[in-house]
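Computed from a predicted structure; not experimentally measured.
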Amino acid sequence: QVQLQASGGGLVQAGDSLRLSCTLSGDSLGSYAVAWFRQAPGKDREVVSAITWYSGITYYADSVKGRFDISTDNAKNMAYLQMNNLLPDDTAVYYCVADHFRGPLRAATVGSLASGSWGQGTLVTVSS
């Protein structure tokens, strides 16, 4: 089982950028995918982005396409979420999640990563 620890949240203004980091440890990650979920007050949890560890295939929710960029540093066992042009609607607690994953990363499949290992959340607050 993998352990995850997220960091990098904070309070920013609309239009600013933040980079979230996730440290992964405890298992060989070759068959894993890593996802960033978020949950805003009063809203359902949603998958923001995901990436397969070995091949680097990515997925982005429509709401963040063109603004967010997910990446990994396999040598350091780190995953990142670069968030640009932040909007007040991006305000949420962000979680990094990892699980074994096969198949294409699509809207219909990325939700299954929720059954994996979760790190603690990091709060992102975007003021208007």
Side-chain angles (χ1 to χ4, degrees):
Q1 190 173 3
V2 64
Q3 291 81 47
L4 305 97
Q5 184 168 359
S7 62
L11 171 63
V12 297
Q13 293 186 330
D16 286 351
S17 297
L18 272 179
R19 188 177 81 156
L20 304 183
S21 299
C22 179
T23 303
L24 299 97
S25 62
D27 198 0
S28 175
L29 297 172
S31 64
Y32 276 78
V34 178
W36 289 93
F37 284 71
R38 70 184 179 187
Q39 186 155 27
K43 295 186 179 180
D44 292 336
R45 181 179 66 193
E46 63 171 336
V47 178
V48 174
S49 184
I51 186 168
T52 57
W53 191 263
Y54 180 76
S55 58
I57 297 171
T58 59
Y59 163 85
Y60 297 94
D62 288 343
S63 57
V64 305
K65 276 181 184 176
R67 300 189 297 122
F68 289 14
D69 181 47
I70 191 170
S71 62
T72 62
D73 185 332
N74 291 22
K76 296 181 179 179
N77 278 5
M78 296 287 296
Y80 304 99
L81 185 67
Q82 177 67 43
M83 305 186 295
N84 301 319
N85 190 23
L86 282 160
L87 306 172
D89 281 351
D90 295 319
T91 295
V93 178
Y94 285 71
Y95 301 88
C96 59
V97 180
D99 201 1
H100 297 286
F101 188 87
R102 289 183 178 181
L105 280 175
R106 298 175 180 168
T109 60
V110 291
S112 67
L113 290 168
S115 63
S117 301
W118 288 66
Q120 91 291 356
T122 185
L123 177 62
V124 173
T125 304
V126 184
S127 64
S128 58

Report whether [X] and [Y] are members of the same hydrophobic cluster (ILVMFWY, side-chain heavy atoms less than 4.5 Å apart, transitive linking).
X: Tyr80; Y: Ile57; result: no
X: Leu113; Y: Leu4; result: no
X: Leu86; Y: Leu20; result: yes
X: Val34; Y: Val124; result: yes

Check: In chain order, what residues pass the ring-ring contact (aromatic ring centres under 6.0 Å, His included) check against Tyr95, with sequence neighbours excluded?
Finding: Trp118
Check: Taking only residues two or more places apart in sequence or in another chain, which ones pass ring-ring contact (aromatic ring centres under 6.0 Å, His included) with Trp53?
Finding: none
Note to self: For Thr58, run the side-chain contact (heavy atoms from CB on, under 4.5 Å) check against Leu105, Asp69, Ile70 and tell me which one passes.
What the structure shows: Ile70
Next item on the list: Drop me the distance from Trp36's CH2 to Thr122's OG1, to the nearest 0.5 angstrom.
Entry: 7.5 Å
Check: How long is the span from the OH atom in Tyr32 to the OG1 atom in Thr52, to the nearest 0.5 Å?
Finding: 14.5 Å
For [X] and [Y], which heavy atoms make the closest approach, and how far apart are they?
X: Ala98; Y: Val2; value: CB-CG1, 3.9 Å
X: Asn84; Y: Ser17; value: OD1-OG, 3.0 Å
X: Ala40; Y: Ala92; value: N-CB, 3.8 Å
X: Ala50; Y: Val110; value: CB-CG1, 4.3 Å

Kindly say whether [Y] contributes a backbone atom to a donor-acceptor pair with the side chain of [X] at under 3.5 angstrom?
X: Thr91; Y: Val126; answer: yes
X: Ser127; Y: Val12; answer: yes
X: Gln120; Y: Ala6; answer: yes
X: Thr109; Y: Pro104; answer: yes

Checklist line | Residues Leu29, Asn74; criterion side chain to side chain contact (heavy atoms under 4.5 Å, CB included); working and verdict | finding: CA-CA 9 Å; Leu29 297 172; Asn74 291 22; over 6 Å; no
Any side-chain heavy atom of [X] within less than 4.5 Å of one from [Y]?
X: Val64; Y: Met83; answer: no
X: Leu24; Y: Thr72; answer: no
X: Val93; Y: Phe37; answer: no
X: Ser63; Y: Arg38; answer: yes
X: Ser49; Y: Leu81; answer: yes
X: Gln82; Y: Ser71; answer: no

Checklist line | Residue among Ser115, Ser112, Ser31 satisfying side chain to side chain donor-acceptor pair (under 3.5 Å) with His100 | finding: Ser31
Margin query: Tell me which pairs pass disulfide bond (SG atoms under 2.5 Å apart) where either residue lies in residues 92-127, with sequence neighbours left out.
Written below: Cys22-Cys96
